[in-house]
Chemist: 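Attaching a single structure in structure tokens format; questions to follow.
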Number of protein chains: 2
Amino acid sequence: MTGPKSATLMDVARLARVSTATVSRVVNSSGTVRSVTRSRVLRAIEELDYRPDERARALARGESRTLGMIVSNLKNDFFLDIFQALEGEARRWGYDVVVANTDYHAGRLVSCVRSMVARRVAGLALVVTELEPELAQELGEQPLPVVLYDVGLPAPNVTKIQISDYQSTRRIVEYLYTHGHRRFAFVGHHTGHDPLQARQRAFLEAMRDYGSQVSYKLVADSDSPYGGLRATRQILGSGFRPTAVVCLNDYMALGVLKGLREAGLEVPRDVSVTGFDDVSLAKFANPALTTMAVPRDWIGRSAAAALIPDANGGNLGREIQVDPELLIRESTGPAPTLDDPVGDPVS
Amino acid sequence: MTGPKSATLMDVARLARVSTATVSRVVNSSGTVRSVTRSRVLRAIEELDYRPDERARALARGESRTLGMIVSNLKNDFFLDIFQALEGEARRWGYDVVVANTDYHAGRLVSCVRSMVARRVAGLALVVTELEPELAQELGEQPLPVVLYDVGLPAPNVTKIQISDYQSTRRIVEYLYTHGHRRFAFVGHHTGHDPLQARQRAFLEAMRDYGSQVSYKLVADSDSPYGGLRATRQILGSGFRPTAVVCLNDYMALGVLKGLREAGLEVPRDVSVTGFDDVSLAKFANPALTTMAVPRDWIGRSAAAALIPDANGGNLGREIQVDPELLIRESTGPAPTLDDPVGDPVS
DNA sequence: TTGAAAGCGGTACCAA
DNA sequence: TTGGTACCGCTTTCAA
């Protein structure tokens, strides 16, 4: 229906009147081939528009040159940036990479992993928050180099890249506090799992430490601007009126900004907002987002390096620490005077 | 270094004391296997943690269940959304899909196509603007179902999905014109190729039709908010002061908004801005973007359907037309009174 | 320098 | 209901 099958090594060999071994040699520039033979083969390849079947090659060689990467939410630039960095580095070493997206579904994660294993990827990078202990365990037992970001534990075949969620979040809250803020909200997203919990825990413990000086509210919605928008409506709808909203990440913060605006609140005059990641859109938000800069580029490259033997297989089995940096932009400022209401929150 | 090789069909067969044929049968639930035998095999599979090698399978059965998709710029939600829609539909039919990104490099496009062909994908969707005629030609000759978006020509094995770039852009300009705008700017991006040219051409011809009543300026930069920002600085820096900026897409428009703001201009009071695509971020922009809604979801699903024989291979070789819809939001309004300057443009 | 042939990990047809 | 076996398309000894 779509035309003839593509040409095979055999076809080329026949046309060039040589053995398949010889064709293979010229295709891979391995072994030695007399120059006249070579050009005869080359001509045949050209003639037939021959394209080697990578699957067969990988199978025969017993090794694969593609890496796998699984992320929670490609639409969030955070993940996409890491993917692109990983891909770039991988390509430098002659590797391809295939991505899969889970949308935070633990079930999808399981099937993505299976699919990658079935593809016999040379290495697998997981940048997901929904990794459950059993899967983590299982990965540790696979004959496959793995990189885990922000979740799980290192193992002989797994490198862990860990970001300081807790410290960073405390840093943000502290910054807000020293600028006079006393009424906080934390906007997270629905995932009952580790890393994001660390951010939330940091927020809560900070609140606890400040004691009765502060009040706060915790909400969660999906990881998207919509999620941020709905979360904001929920906060405001409850009657609580924060002067600072700490967001789990920039992507949601974009929606929080929108939610505040629609309620007639001005950022940062009435409310300060912080993000996390320093996604490229963060500085294009209006106002530009104050956030924690996470070195996604470095993370992606390191992940690739850890998975590619020639590159740096050395730090397989290690744990790498990443410390984000606070970037103060326009979305935060001093708290408004407490007893100077700035307009009533709208649903 | 990463442990033993994974178990093979052979291993399972030996352990279960049956032939590989039988193991294959139970793995594929094909043929008939006595229930005791089956459970013996199942046990062996479990025992060995056997995972079939997809590459070998595809090779043996002579067919692949993965689709390929190549896009120009994954960071632009336009492309990502199409990818996700395509992937979703593909999965419904039991297909995987691998994406590749070209960043608008014609060279990268060529190697991406090669890589997909080498992978023996079952079908290939190209959502790129940088497709050059020779490559398009070559694709039409491959024994492979292809979908082309907004570029190239249909062929026996290629379905073309065409969006009305020209009409849509004229529609936008007309809308702006009837709202009193007379000084326009067009912000495009660097690609000397077809589809985007259609948008630009539409803009230019509209200008020509309005004749001396209007003045305009054309600029181009990269497909990103940065690009939009730089383009805006360039316009304003030239001393020209448009009352309406027509952007090639939403992604760049985000940056244009920023650029205008940094120059002290207010949207839409001083300047109106339009995008294209209706990316999800468009409505989260401040102000929300007026734009043309392109049904990315539908496009992605249709592309998948066209590539999957069981789904709808029927419309292979056809040309499908897509007509976006104008969405008026907050970033556009009536032109400011002409001789009422609203602040001097800053570099 | 070249070819024959044994895999790589499966599938599927044909006999048994 | 099973096993034997000839491929799928390519790589890689081993001999010639």
Side-chain angles (χ1 to χ4, degrees), chain A residues 4-42 44-45 48-66 114-115 117-122 143-144, chain B residues 4-42 44-45 48-66 114-115 117-122 143-144:
Chain A
K5 282 279 169 213
S6 12
T8 70
L9 241 206
M10 201 39 192
D11 299 330
V12 177
R14 261 196 288 262
L15 181 57
R17 313 189 137 274
V18 297
S19 71
T20 60
T22 299
V23 180
S24 177
R25 287 189 194 102
V26 352
V27 169
N28 299 291
S29 334
S30 65
T32 45
V33 179
R34 202 164 28 138
S35 129
V36 279
T37 313
R38 177 193 315 286
S39 52
R40 190 144 40 89
V41 172
L42 256 13
I45 288 180
L48 268 39
D49 191 28
Y50 168 68
R51 322 288 190 122
D53 184 326
E54 272 311 327
R55 303 167 305 176
R57 284 183 146 191
L59 195 57
R61 280 202 260 270
E63 56 124 15
S64 138
R65 285 201 148 253
T66 108
R114 282 201 211 305
S115 150
V117 171
R119 263 202 172 71
R120 295 297 189 269
V121 292
L144 171 80
Chain B
K5 283 278 169 215
S6 13
T8 73
L9 241 206
M10 205 31 195
D11 299 330
V12 176
R14 260 197 287 262
L15 181 56
R17 315 190 135 272
V18 296
S19 72
T20 60
T22 299
V23 179
S24 179
R25 286 186 196 104
V26 352
V27 169
N28 299 292
S29 332
S30 67
T32 44
V33 178
R34 199 160 34 132
S35 130
V36 279
T37 314
R38 177 194 316 288
S39 52
R40 191 145 39 91
V41 171
L42 255 15
I45 289 180
L48 267 42
D49 190 29
Y50 168 68
R51 322 287 191 120
D53 184 324
E54 273 311 327
R55 303 168 305 176
R57 285 183 146 191
L59 194 56
R61 46 166 102 90
E63 55 124 16
S64 137
R65 288 203 144 251
T66 108
R114 282 200 210 306
S115 151
V117 170
R119 264 201 173 67
R120 295 296 190 269
V121 292
L144 171 80

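In what follows, chains are A, B, ... by sequence order, proteins preceding strands, each numbered from 1.
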Chemist: Rounded to whole Å, please give me the gap between CZ in Arg61(B) and P in dG9(C).
Modeler: 17 Å
Chemist: Quick one: Leu59(A) CG to dG9(C) C1', roughly how many Å, whole number?
Modeler: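 From Leu59(A) CG to dG9(C) C1': 5 Å.
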Chemist: Figure out the CD/C1' separation between Glu54(B) and dG9(C), and round it to whole Å.
Modeler: 11 Å
Chemist: Do Thr22(B) and Thr37(B) touch side chain to side chain, with heavy atoms closer than 4.5 Å?
Modeler: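 Answer yes - side chains close enough.
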Chemist: Could you list where the contact with chain B starts and ends along DNA chain D, reading 5' to 3', using a 4.0 Å heavy-atom cut-off?
Modeler: dT1(D) to dG9(D)
Chemist: Can you confirm whether Val33(A) sits close enough to Val41(A) that some side-chain heavy atom of one is under 4.5 Å from a side-chain heavy atom of the other?
Modeler: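 No, every pair of side-chain atoms sits at 4.5 Å or beyond.
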Chemist: Please confirm whether the backbone N or O of Ala16(B) pairs with a side-chain atom of Arg40(B), one donor and one acceptor, at under 3.5 Å?
Modeler: yes
Chemist: Taking all atoms of both residues into account, what is the closest heavy-atom pair of Ser64(B) and Ala58(B), and its distance?
Modeler: CA-CB, 4.5 Å
Chemist: Base, sugar-phosphate, or nothing: which does Ser24(A) touch, judged by heavy atoms less than 4.0 Å apart?
Modeler: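 Since a base atom lies under 4.0 Å of Ser24(A), the category is base.
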Chemist: Near DNA chain D, counting only heavy atoms under 4.0 Å, which residues of residues 13-21 of chain B show up?
Modeler: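 The stretch gives Arg17(B), Val18(B), Ser19(B), Thr20(B), Ala21(B) as the residues lying under 4.0 Å from the strand, ordered by number.
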Chemist: Taking atom P of dC8(C) as reference, at what distance in whole Å does atom CG of Asp11(B) sit?
Modeler: 10 Å
Chemist: Heavy atoms, side chains only, cut-off 4.5 Å: are Val27(B) and Arg57(B) in contact?
Modeler: yes
Chemist: Can you give me the closest heavy-atom contact between Tyr50(A) and Thr8(A), atom names plus distance?
Modeler: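 Nearest heavy atoms, Tyr50(A) then Thr8(A): CE1-C, 3.5 Å.
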Chemist: Evaluate the criterion side chain to side chain contact (heavy atoms under 4.5 Å, CB included) for residue pair Thr66(A) and Arg119(B); output intermediate values, then yes/no.
Modeler: CA-CA 11 Å; Thr66(A) 108; Arg119(B) 264 201 173 67; 3.8 Å; yes
Chemist: When the distance from CG of Asn28(A) to P of dT1(C) is rounded to whole Å, what number comes out?
Modeler: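 Distance check: Asn28(A) CG to dT1(C) P gives 17 Å.
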Chemist: Rounded to the Å, how far apart are Met10(B) CE and dG7(C) C1'?
Modeler: 12 Å
Chemist: Specify the closest pair of heavy atoms between Asp11(B) and Ser6(B), including all atoms of both residues, with the distance to one decimal.
Modeler: OD2-O, 4.4 Å
Chemist: Where each residue is assigned the nucleotide of DNA chain D containing its nearest heavy atom, which of Thr22(B) and Gly62(B) is assigned the position nearer the 5′ end?
Modeler: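 Nearest nucleotide further toward 5': that of Thr22(B).
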Chemist: Quick check: closest heavy atoms across Gly31(B) and Arg25(B), and the distance to 0.1 Å?
Modeler: CA-CD, 4.4 Å
Chemist: Between Asp53(A) (CG) and dG10(C) (P), how many Å, whole number?
Modeler: 16 Å
Chemist: Any residue in residues 30-42 of chain B with a heavy atom nearer than 4.0 angstrom to DNA chain D? Just list them by number, or reply none.
Modeler: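 Within residues 30-42 of chain B, the residues near DNA chain D are Thr32(B), Val33(B), Arg34(B), Thr37(B).
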Chemist: With heavy atoms under 4.0 Å as the rule, sort Arg25(A) into base, sugar-phosphate or nothing.
Modeler: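 Here Arg25(A) touches the bases of the nucleic acid.
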Chemist: Checking the side chain of Arg120(B) only, and the main-chain atoms of Val117(B) only, is there a donor and an acceptor separated by less than 3.5 Å?
Modeler: yes
Chemist: Test side chain to side chain contact (heavy atoms under 4.5 Å, CB included) on Arg61(B) and Asn28(B); report intermediate values, then the result.
Modeler: CA-CA 12 Å; Arg61(B) 46 166 102 90; Asn28(B) 299 292; 3.9 Å; yes
